[in-house]
Amino acid sequence: MWTRPPVDALKDWTPMLDRQVIDSLFPADLPEPAELEQKYPPRQLPEGAMVTRLGPSPTGFVHIGGLYVGMINKDLAASTGGTYLLRIEDTDQAREVEGAAEQFGRAFGYFGLEADEPEGEYGPYYQSQRETLYLTFARELLREGKAYLCFATPEELTDIRARQEASKAPTGYYGRWAIWRNATDEQLQTALDEGRPYVVRFRTPEDGDRRVSFDDAIRGKLQHEANRNDVVILKSSAAALRLPTYHFAHAVDDHLMRVTHVIRGEEWISSVPLHLQLFDALGFERVTYAHIAPLMKTISGGKRKLSKRKDPEAGVDFYIEQGFPAPAVQYYLRGLANGRLAEVPLEQALSTPLELGEFGVAGPLVDLVKLEGMSADYIASLTSPQVYDQVLIWAERFDPELATVLKAEKDLAVKAIGVEREGVENPRKDLRKWSDFGPQYGFFLPTVFPLIAGPTDERVTALNVAPEVVTAFVNTFIEGYQHLEDQPEWFNQIREAAAKNNFAPSPKEFKKNPDAYPGSIREASQLIRVALTGSTRSPDLHAIAVVLGQDEVLRRLRSLAG
RNA sequence: GCCCCCAUCGUCUAGUGGCCUAGGACGCCGCCCUCUCAAGGCGGUAGCACGGGUUCAAAUCCCGUUGGGGGUACCA
């Protein structure tokens, strides 16, 4: 039975409830901390192994920054022989969104960020299922007087804040503003008897330093004002589930899961002093912190953090929908984390372990142009069948019509993708993402290609060649057409047909004397190009003709002739 | 308001007091090649945010200013 301390110890006296009263606030079968320490023992891991984690919130939106931090965590764990965990931080029931779990699965799966121990012994991995754990340690802190019950209402809290702002005092629940910190047993018991809802607050040590310094694995020594706030560690007793705040969950979870390195966004730096106090109060061994610079976006006149609401590229779904290959995105992100890797070939960049000490400390800009370039390089390194497979996978989800055609015309599609890709030294880089396939290669597929509707089709008239000349030229070409194997010989047919129809032999010649010709070999070639592809921009004409086959080539040419 | 983080070409960066007249990559611009585009080859543009110190010497160290980012919640 607890008794009041003698008078001379009063200045050290911490008001707290009788242990029995405290325990009655919690389930009777709650384990003791020691039992949990045993249940979740230190991991047996090689020297230097890092146990890391990502703690996403199920808000129905996976931020690219989350992917970035997750990738870093996973890489560090993997390269040191440690373990990477995924812990769903669902302690905010208000923000939770239906279907968020599948969203995670898709997003993290696409980029290979699955947890190393999805069903491991250190679970559960959803914070909403870890209530017992938080309660155990909250009760312990309460018993030791390191935490206390706070019955302040939201209105009182708002009022306190308003008064602090008015008097220019720092906002927060501390000192004379911490109205329940030194409440007497009687006050506490009365509130309890009245059934008023309460939260559990951390009793911030009074004897602590005014400033604290700590080591950050990326930034080195950091200094910060010590935390003075009696922050909430357990949310309202009125809720069905007694959930912890992020701070308390961080301490309890990362300790019990035996996480060694907490690698998270820079926005957490300000909370480290609190986290250190919490770890110390709980008697936990401190973890190593590393704070990652946030991903930014350029705006006119500066840069800002990527915003979920304003920037489509802030969400991971954007990259999946556009069809950016995962390795390309990983390559890009790794280059951002560690500039050295941005200048090294993809394969090497993906296999070189990240080093915390080499991380940049300034927030990098997400540069879509650069990503697209890297992605094009990556796709150019694949074989045609590989590209086909990936495009098909993408299309099945985002363009079912295209997927159907691709499946029906597999051989044609693979050959089309192979144009200027297979058997050449520098493969085309016209595919930056899977969604580029339709616009770039769709014309190869007869069922998709809209034929040119005669010489007055607007795709033709843009070339400024008189319709009757177009028809005459194309007919000449058709008449003598031979489906030749040899590229120069095949192309000569265009030259000859052009010459017969009085086209200038070179653009230069045409420019010198524009009234003497209907166009030059350039315009003539473009007519054939438009007939075959519908566009003035395409891969090599002969290569296209070979893939299309003689019949299809002639069909398209005839359609242009009108 | 208070506290914290950050600052080299447009972007990612190299740079740890003299090797810096600041290097590379991407982008951009130009030229070449050429039947278009893509690719490729060659060349070019462009930066130490500002102001004070310290020092024989500063992009590099210190202070300040400015700018950007973050925190200051029963959000994470």
Side-chain angles (χ1 to χ4, degrees), chain A residues 55-59 66 89-92 94-95 127 150 152 154 157 161 164-165 167-173 197-201 211 216 219 222-225 227 229 231-239 243-247 249-250 264-273 291 293-294 296 298-299 301-305 332 335-336 338-344 360-367 369-371 373-374 376 380 420-421 424-431 440 491 494-495 498 506-507 520-530 533 535-542:
Chain A
S57 295
T59 59
E89 314 220 322
D90 55 351
T91 56
D92 186 7
R95 291 206 312 169
Q127 289 183 329
C150 168
L157 260 15
R161 164 171 281 267
Q164 288 169 330
E165 278 168 2
S167 63
K168 296 211 156 92
T171 53
Y173 197 91
Y198 60 86
V199 298
V200 178
R201 281 183 189 273
R211 293 189 68 77
D216 182 285
R219 293 155 199 270
L222 254 27
Q223 267 202 11
H224 206 286
E225 199 175 34
N227 169 59
N229 277 341
V231 299
V232 173
I233 56 174
L234 255 199
K235 297 180 188 182
S236 176
S237 60
L243 291 172
T245 55
Y246 171 88
H247 309 292
H250 155 50
R264 67 232 301 193
E266 187 193 71
E267 67 272 21
W268 292 109
I269 291 180
S270 308
S271 305
V272 173
H291 295 273
M296 315 286 277
T298 13
I299 48 157
K303 54 181 183 176
R304 65 141 200 269
K305 203 174 174 182
Y332 178 63
L336 249 29
N338 187 333
R340 215 163 37 88
L341 299 182
E343 296 182 30
V344 130
V361 288
L365 254 29
V366 171
D367 184 345
V369 174
K370 191 156 191 167
L371 205 212
M374 289 178 148
E420 289 185 83
R421 184 182 306 276
V424 295
E425 212 159 309
N426 296 305
R428 290 187 72 80
K429 293 183 181 171
D430 50 3
L431 247 29
Q440 296 291 330
F491 198 83
I494 297 179
R495 287 190 199 283
S506 73
S520 71
I521 179 67
R522 168 185 263 149
E523 282 69 31
S525 304
Q526 287 296 63
L527 285 171
I528 303 300
R529 187 182 311 283
V530 169
T533 71
S535 163
T536 53
R537 299 154 60 142
S538 82
D540 179 73
L541 275 178
H542 174 253

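Below, read A as the first sequence line, B as the second, and so on, with proteins coming before strands; counting in each chain starts at 1.
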Record whether the side chain of [X] comes under 3.5 Å of the base of [N] through a donor-acceptor pair of N or O atoms.
X        : N     : answer
A/Arg219 : B/C5  : no
A/Asp540 : B/C37 : no
A/Arg529 : B/C35 : yes

Working to the nearest 0.5 Å, report the span between [atom1] of [X] and [atom2] of [Y].
X        : Y        : atom1 : atom2 : result
A/Leu431 : A/Arg421 : CG    : CZ    : 5.5 Å
A/His250 : A/Gln127 : NE2   : CD    : 11.0 Å
A/Asp216 : A/Glu266 : CG    : CD    : 9.5 Å
A/Glu225 : A/Ser270 : CD    : OG    : 10.5 Å
A/Glu523 : A/Ile521 : CD    : CD1   : 9.5 Å

In the strands shown, is [N] matched to any nucleotide by a Watson-Crick or G-U wobble pair with both distances under 3.5 Å, and which?
N     : value
B/A49 : B/U65
B/A57 : none
B/A14 : none
B/C29 : B/G43
B/C2  : B/G71

Quick check on [N]: is either OP1 or OP2 less than 4.0 Å from any side-chain nitrogen or oxygen of [X]?
X        : N     : result
A/Lys235 : B/A73 : no
A/Arg522 : B/U36 : yes
A/Ser506 : B/C35 : no
A/Thr91  : B/A76 : yes
A/Lys429 : B/C37 : no

Within the structure shown, what part of the strands sits under 4.0 Å from [X] by heavy-atom distance: base, sugar-phosphate, or nothing?
X        : value
A/Val199 : base
A/Glu343 : base
A/Arg495 : sugar-phosphate
A/Ser57  : sugar-phosphate
A/Gln223 : sugar-phosphate

Measure from the side chain of [X], starting at C-beta and using heavy atoms only, and say which of [options] lies closest.
X        : options             : answer
A/Glu266 : B/C5, B/C35, B/C12  : B/C5
A/His224 : B/U72, B/U13, B/C4  : B/C4
A/Glu267 : B/G71, B/U36, B/C75 : B/G71
A/Asp92  : B/C75, B/C12, B/G71 : B/C75
A/Arg211 : B/G24, B/C3, B/C35  : B/C3
A/Leu541 : B/C35, B/C12, B/A76 : B/C35
A/Lys370 : B/C12, B/C35, B/U72 : B/C12
A/Asn426 : B/A73, B/A39, B/C35 : B/A39
A/Glu225 : B/U72, B/U36, B/C3  : B/C3
A/Ile269 : B/C4, B/A73, B/C37  : B/C4

task: For a side-chain contact (heavy atoms from CB on, under 4.5 Å) with A/Leu234, tell me which candidate from A/Val200, A/Leu243, A/Thr245 qualifies.
output: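 With A/Leu234 as partner, A/Val200, A/Leu243, A/Thr245 yield a single side-chain contact (heavy atoms from CB on, under 4.5 Å), made by A/Val200.
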
Whole angstrom value for the distance that separates [atom2] of [N] from [atom1] of [X]:
X        : N     : atom1 : atom2 : result
A/Met374 : B/C26 : CE    : C1'   : 8 Å
A/Arg201 : B/C74 : CZ    : C1'   : 8 Å
A/Met296 : B/G67 : CE    : P     : 15 Å
A/His542 : B/C35 : NE2   : P     : 16 Å
A/Glu420 : B/C33 : CD    : P     : 19 Å
A/Leu371 : B/C12 : CG    : P     : 14 Å
A/Leu222 : B/G70 : CG    : P     : 17 Å
A/His247 : B/C74 : NE2   : P     : 9 Å

Pick the [atom1] atom in [N] and in [M], then give their distance to the nearest Å.
N     : M     : atom1 : value
B/G43 : B/U54 : P     : 45 Å
B/C12 : B/C28 : C1'   : 15 Å
B/C50 : B/G10 : P     : 13 Å
B/C19 : B/G40 : C1'   : 35 Å

message: Could you work out, with salt bridge (charged side-chain N to carboxylate O under 4.0 Å, His left out) as the rule, every residue matching A/Glu165, not counting sequence neighbours?
response: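 If we apply the salt bridge (charged side-chain N to carboxylate O under 4.0 Å, His left out) test to A/Glu165, skipping adjacent residues, the hits are A/Arg161.
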
task: For the pair A/Ser57 (side chain) and A/Thr59 (backbone), establish whether a donor and an acceptor sit closer than 3.5 Å, ignoring hydrogens and angles.
output: no

query: Where the side chain of A/Asp540 meets the backbone of A/His542, is there a donor-acceptor pair that is under 3.5 Å apart?
result: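 Yes, because the side chain of A/Asp540 sits within donor-acceptor range (under 3.5 Å) of the backbone of A/His542.
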
Are [X] and [Y] packed together at the side-chain level, in the sense that at least one heavy-atom pair is separated by less than 4.5 angstrom?
X        : Y        : value
A/Tyr173 : A/Leu157 : yes
A/Asp430 : A/Glu420 : no
A/Leu222 : A/Val272 : no

- prompt: Should the ring pair A/Tyr246 and A/Trp268 be called parallel, tilted or perpendicular, given that the plane angle runs from 0 to 90° and is split at 30 and 60?
  reply: parallel

message: With side chain to side chain contact (heavy atoms under 4.5 Å, CB included) as the criterion, how do A/His224 and A/Arg211 come out once you've worked through the C-alpha distance, each side chain's angles and the decisive distance to 0.1 Å?
response: CA-CA 6 Å; A/His224 206 286; A/Arg211 293 189 68 77; 5.6 Å; no

task: Could you check A/Tyr332 against A/Pro427 and say which one's nearest nucleotide on RNA chain B is further toward the 5' end?
output: A/Tyr332

query: Which residue lies toward the 5' end of RNA chain B, A/Pro539 or A/Ser271, if each is placed at its nearest nucleotide?
result: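 It is A/Pro539 whose nearest nucleotide is closer to the 5' end.
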
Return the polar atom pairs (N/O with N/O) between nucleotides 61-64 of chain B and the protein under 3.5 Å, or none.
none

Tabulate protein N/O versus nucleotide N/O from nucleotides 41-49 of chain B, keeping only pairs under 3.5 Å, one per line.
none

